[in-house]
Student: 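There's a structure below that I have some questions on.
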There are 2 protein chains.
Amino acid sequence: MDDVRTLLKHHGLRYSKPREAILSYFAERDSHVSAESLYLALRQRGEHLSLSTVYLNLGALKEAGLIRELGGISGEAFYDSNISPHYHLVCKSCGAVVDLPLEVLDGTVVTQRVKEHAEEHSGWRLEEPKLTILGVCPDCQAPKA
Amino acid sequence: MDDVRTLLKHHGLRYSKPREAILSYFAERDSHVSAESLYLALRQRGEHLSLSTVYLNLGALKEAGLIRELGGISGEAFYDSNISPHYHLVCKSCGAVVDLPLEVLDGTVVTQRVKEHAEEHSGWRLEEPKLTILGVCPDCQAPKA
DNA sequence: CTCCCTGCAAATCCTTTGCATACAG
DNA sequence: CTGTATGCAAAGGATTTGCAGGGAG
């Protein structure tokens, strides 16, 4: 349990109970959560924290590079503890979010190449590209049974 | 000026003054606008319309395929009249949005390939991928003069 | 002891909605 | 005429902020 304290310290963050709760949530389920759903999940575990604390900490953990924000899904932001580059598919119907392994493209991280080319040619300094593709998941495609 | 009427009709939309104003705005400047900035720009031209009408019509024009929405920039949505596939760079500092020509990647529309691979392997049905990379534009990188 | 974090509630930002009126087809 | 678009204002959802108290270092 001291892991959390050192992890936080290494990233310039203080320890707090909400932070531990959030980090252990991510450690267990390597999932894509919204602030609201994370808040509800932690409350159900008996944790005492407020929604604003969840927002604050998701922001802090993101700044620290411990988690990543998935942009522009549908109003609400999702967070992912998987830091390594990968893409996401989001179902417009049920909201499901799944990872899209990089392997689908012959092991080439194409967005990385786009970024590098863009930096060379444009003079911009860029972050890691995020690729999220909207669509309909297999379940939602099926006619209602 | 009858262009607008026919254009709208061909896309199953009625004519209205706000619609004409919005379309001609896009026709002149091939730019990336938010609902708010479009609203202000049109008011300054003397157009009488409301912000909700702008939202409604941006939605309608998007549905009709006349404009495209750029997802996940920073809370507010941007719209682009350039329908052809291309990427965007967004400056975190000043909010500038610029096009990233596809040429930077040897003419290969990589996100398209990602989409196709994903559809084959995952069973999802996907929309066109949108790639927006956050960063800092050359102007904002310069030390204040 | 100092500063950062928390909780709560109020505030803010962007977008959508309800409803009566006006206009296109 | 019929139906859809408009304007206004009010509602809505997601996130941020202000402030006083509490805990970390």
Side-chain angles (χ1 to χ4, degrees), chain A residues 1-23 32-40 42-43 46-64 66-67 69-79 90 92 95 97, chain B residues 1-23 32-40 42-43 46-64 66-67 69-79 90 92 95 97:
Chain A
M1 304 304 150
D2 213 41
D3 299 345
V4 184
R5 288 192 143 82
T6 31
L7 178 63
L8 286 167
K9 179 177 285 186
H10 283 329
H11 288 267
L13 296 172
R14 283 192 181 180
Y15 169 89
S16 79
K17 219 164 188 174
R19 267 171 203 173
E20 164 149 33
I22 292 172
L23 284 178
H32 314 90
V33 249
S34 66
E36 180 89 25
S37 61
L38 177 56
Y39 169 69
L40 293 173
L42 294 178
R43 297 291 294 214
E47 296 291 338
H48 256 255
L49 39 53
S50 70
L51 183 54
S52 55
T53 298
V54 172
Y55 276 106
L56 253 13
N57 282 316
L58 286 173
L61 296 174
K62 182 181 94 183
E63 289 307 308
L66 287 167
I67 61 177
E69 184 179 356
L70 314 183
I73 293 188
S74 67
E76 58 185 339
F78 280 71
Y79 293 84
V90 176
K92 290 192 297 179
V97 182
Chain B
M1 304 303 151
D2 213 42
D3 299 346
V4 184
R5 288 191 143 82
T6 33
L7 177 63
L8 285 168
K9 180 177 282 185
H10 282 331
H11 288 268
L13 295 172
R14 283 192 180 181
Y15 169 88
S16 80
K17 219 165 188 172
R19 268 171 203 174
E20 165 150 32
I22 292 172
L23 284 178
H32 314 90
V33 249
S34 66
E36 179 90 25
S37 61
L38 176 57
Y39 170 68
L40 292 174
L42 294 178
R43 298 289 296 212
E47 298 289 340
H48 257 255
L49 39 53
S50 70
L51 183 54
S52 55
T53 298
V54 172
Y55 275 105
L56 253 12
N57 282 316
L58 286 174
L61 296 174
K62 182 182 95 181
E63 288 306 308
L66 288 166
I67 60 176
E69 183 179 357
L70 314 184
I73 292 188
S74 67
E76 58 185 339
F78 281 72
Y79 293 84
V90 175
K92 290 190 297 179
V97 183

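We use all heavy atoms of the structure for the numbers below, so side chains are in, but hydrogens, waters and symmetry mates are not. Chain letters run A, B, ... following the sequence lines, proteins first, then strands; residues in each count from 1.
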Student: With respect to the phosphate group of dC5(C), does any side-chain polar atom (N or O) of Thr53(A) fall under 4.0 Å of OP1 or OP2?
Tutor: no
Student: Given atom CD1 of Ile22(A) and atom P of dT6(C), what is their separation to the nearest angstrom?
Tutor: 8 Å
Student: Using whole Å, report how far CZ of Phe78(A) lies from C1' of dA14(D).
Tutor: 12 Å
Student: Base, sugar-phosphate alone, or nothing: which one does Leu56(A) contact when heavy atoms must sit under 4.0 Å apart?
Tutor: base
Student: Out of dA14(D), dT16(C), dC5(C), which has the shortest distance to the side chain of Glu76(A)?
Tutor: dA14(D)
Student: Using a heavy-atom cut-off of 4.0 Å across all strands, would you classify Ser52(A) as base, sugar-phosphate, or nothing?
Tutor: base
Student: What is the separation between atom CG on Leu58(A) and atom P on dT6(C), rounded to the nearest whole Å?
Tutor: 11 Å
Student: Round to the nearest Å and state the distance from Lys62(B) atom NZ to dT15(C) atom P.
Tutor: 10 Å
Student: Verify side-chain contact (heavy atoms from CB on, under 4.5 Å) between Arg19(B) and Arg14(B), making sure each step is shown before the conclusion.
Tutor: CA-CA 9 Å; Arg19(B) 268 171 203 174; Arg14(B) 283 192 180 181; 4.1 Å; yes
Student: Using whole Å, report how far NE2 of His48(B) lies from P of dC23(C).
Tutor: 14 Å
Student: Closest approach of Asn57(B) and Pro18(B), non-hydrogen atoms and distance?
Tutor: ND2-CB, 3.9 Å
Student: Rounded to the nearest angstrom, tell me the gap between atom CG in Leu49(A) and atom P in dG7(C).
Tutor: 6 Å
Student: By nearest heavy atom, map Leu13(B) and Tyr79(B) onto DNA chain C; which one lands nearer the 5' end?
Tutor: Tyr79(B)
Student: Please report the closest heavy-atom contact between Val54(B) and Ile22(B), naming both atoms and the distance.
Tutor: CA-CD1, 4.4 Å
Student: Among dC8(D), dA14(D), dG7(C), find the nucleotide with the atom closest to the side chain of Tyr55(A).
Tutor: dA14(D)
Student: At 4.0 Å (heavy atoms only), tell me whether Ala60(A) reaches a base, stays on the sugar-phosphate, or touches nothing.
Tutor: nothing
Student: Using heavy-atom distances to pick each residue's nearest nucleotide on DNA chain D, tell me which of Arg14(B) and Lys17(B) is more 5'.
Tutor: Arg14(B)
Student: For Glu63(A) and dC4(C), give me the distance from atom CD to atom C1', rounded to whole Å.
Tutor: 16 Å
Student: Indicate yes or no for a side-chain donor-acceptor contact from Arg5(A) to the backbone of Tyr15(A) under 3.5 Å, with no hydrogens or angles considered.
Tutor: no
Student: Please determine whether side-chain contact (heavy atoms from CB on, under 4.5 Å) holds for the pair Glu36(A) and Leu40(A), giving the CA-CA distance in whole Å, both sets of side-chain angles, and the decisive distance to 0.1 Å.
Tutor: CA-CA 6 Å; Glu36(A) 180 89 25; Leu40(A) 293 173; 4.2 Å; yes
Student: Report the distance from atom NZ of Lys9(A) to atom P of dG25(D), rounded to the nearest whole Å.
Tutor: 7 Å
Student: Assuming nearest nucleotide by heavy-atom distance, tell me which of Leu51(A) and Ser16(B) is located more 5' along DNA chain C.
Tutor: Leu51(A)
